[in-house]
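What you see below is based on every heavy atom in this structure, not just the backbone, and it leaves out hydrogens, waters and symmetry mates. From a predicted model like this one, the values you see are computed outputs, not experimental measurements. Residue numbers run from 1 in the order of the sequence given.
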Amino acid sequence: SFDYDVFEFDNGDDVRYEVFYDGIGQGQVLLVDGSANLVVEGREIISIPPGVNQVSLILGIRQNGDADFAGFDNFRVYGE
């Protein structure tokens, strides 16, 4: 899981991520689709299927200027 916070993301400002299980991409996920000075925060929880030995995460941000910003923290890996 991880927390995110975006501030004033406009049209064209996006946050995406992709998870890889044992080196195989699981497809990009559009987490934030900016519009009209969007302000949003939250927590993304990603469930890992049994039998996966290695997990990777790639975050991608497209931001076209202005005073917009984004932050990510509290990355956690835990078992049940």
Side-chain angles (χ1 to χ4, degrees):
S1 68
F2 63 92
D3 295 343
Y4 61 91
D5 187 355
V6 300
F7 179 76
E8 294 189 356
F9 267 33
D10 304 309
N11 292 330
D13 298 342
D14 300 317
V15 177
R16 299 175 187 270
Y17 71 84
E18 185 169 7
V19 177
F20 291 77
Y21 300 149
D22 296 326
I24 300 170
Q26 303 302 301
Q28 288 191 3
V29 174
L30 179 61
L31 182 61
V32 175
D33 186 7
S35 63
N37 291 325
L38 176 69
V39 176
V40 64
E41 63 182 55
R43 173 169 290 152
E44 188 72 358
I45 298 173
I46 303 165
S47 296
I48 310 302
V52 172
N53 295 309
Q54 182 183 32
V55 177
S56 303
L57 173 67
I58 296 177
L59 289 172
I61 300 172
R62 181 174 63 178
Q63 197 278 327
N64 63 2
D66 295 326
D68 311 350
F69 62 83
F72 303 90
D73 62 6
N74 298 320
F75 289 88
R76 296 183 199 130
V77 179
Y78 50 90
E80 294 182 358

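Judged by distance alone, with hydrogens and angles left aside, the side-chain atoms of Asp13 form a donor-acceptor pair with the main-chain N or O of Asn64 at under 3.5 Å. Judged by distance alone, with hydrogens and angles left aside, the side-chain atoms of Asp10 form a donor-acceptor pair with the main-chain N or O of Asn37 at under 3.5 Å.
To the nearest 0.5 Å, atom CZ of residue Phe9 and atom CG of residue Asp33 are 11.0 Å apart. For the atom pair Tyr17 OH and Phe72 CZ, the distance stands at 11.5 Å (nearest 0.5 Å). Taking OH of Tyr4 as the start and CD of Glu44 as the end, the distance is 6.0 Å to the nearest 0.5 Å. We find the CZ-OG distance between Arg76 and Ser1 to be 5.0 Å, quoted to the nearest 0.5 Å. Note: Ile46 CD1 to Leu57 CG = 5.5 Å, rounded to the nearest 0.5 Å. One distance of note links CZ of Arg62 with CG of Asp14; it measures 4.5 Å at 0.5 Å rounding.
Across Val6 and Ala70, no two heavy atoms sit closer than the pair CG1-CB, 3.8 Å. Here the shortest heavy-atom pairing between Asp22 and Gly51 reads OD2-O, 4.1 Å.
Residue Val19 is tested with Ile24, Val29, Val52, Val55 for a side chain to side chain contact (heavy atoms under 4.5 Å, CB included); the sole match is Val55.
A side-chain donor-acceptor contact under 3.5 Å links Asp68 and Gln63.
Following chains of ILVMFWY side-chain contacts shorter than 4.5 Å, one cannot reach Phe69 starting from Leu31, and the two form parts of different hydrophobic clusters. Cluster annotation: Ile58 is not connected to Ile45 through the hydrophobic network of ILVMFWY side chains, with a link wherever side-chain heavy atoms come within less than 4.5 Å.
Contact of the Gln26 side chain with the Tyr21 side chain is registered, since non-hydrogen atoms from C-beta on lie closer than 4.5 Å. By the 4.5 Å heavy-atom criterion applied to side chains, Val32 and Val40 are counted as neighbours. Residues Leu59 and Phe2 form a side-chain contact, since some pair of their non-hydrogen atoms from C-beta on lies under 4.5 Å apart.
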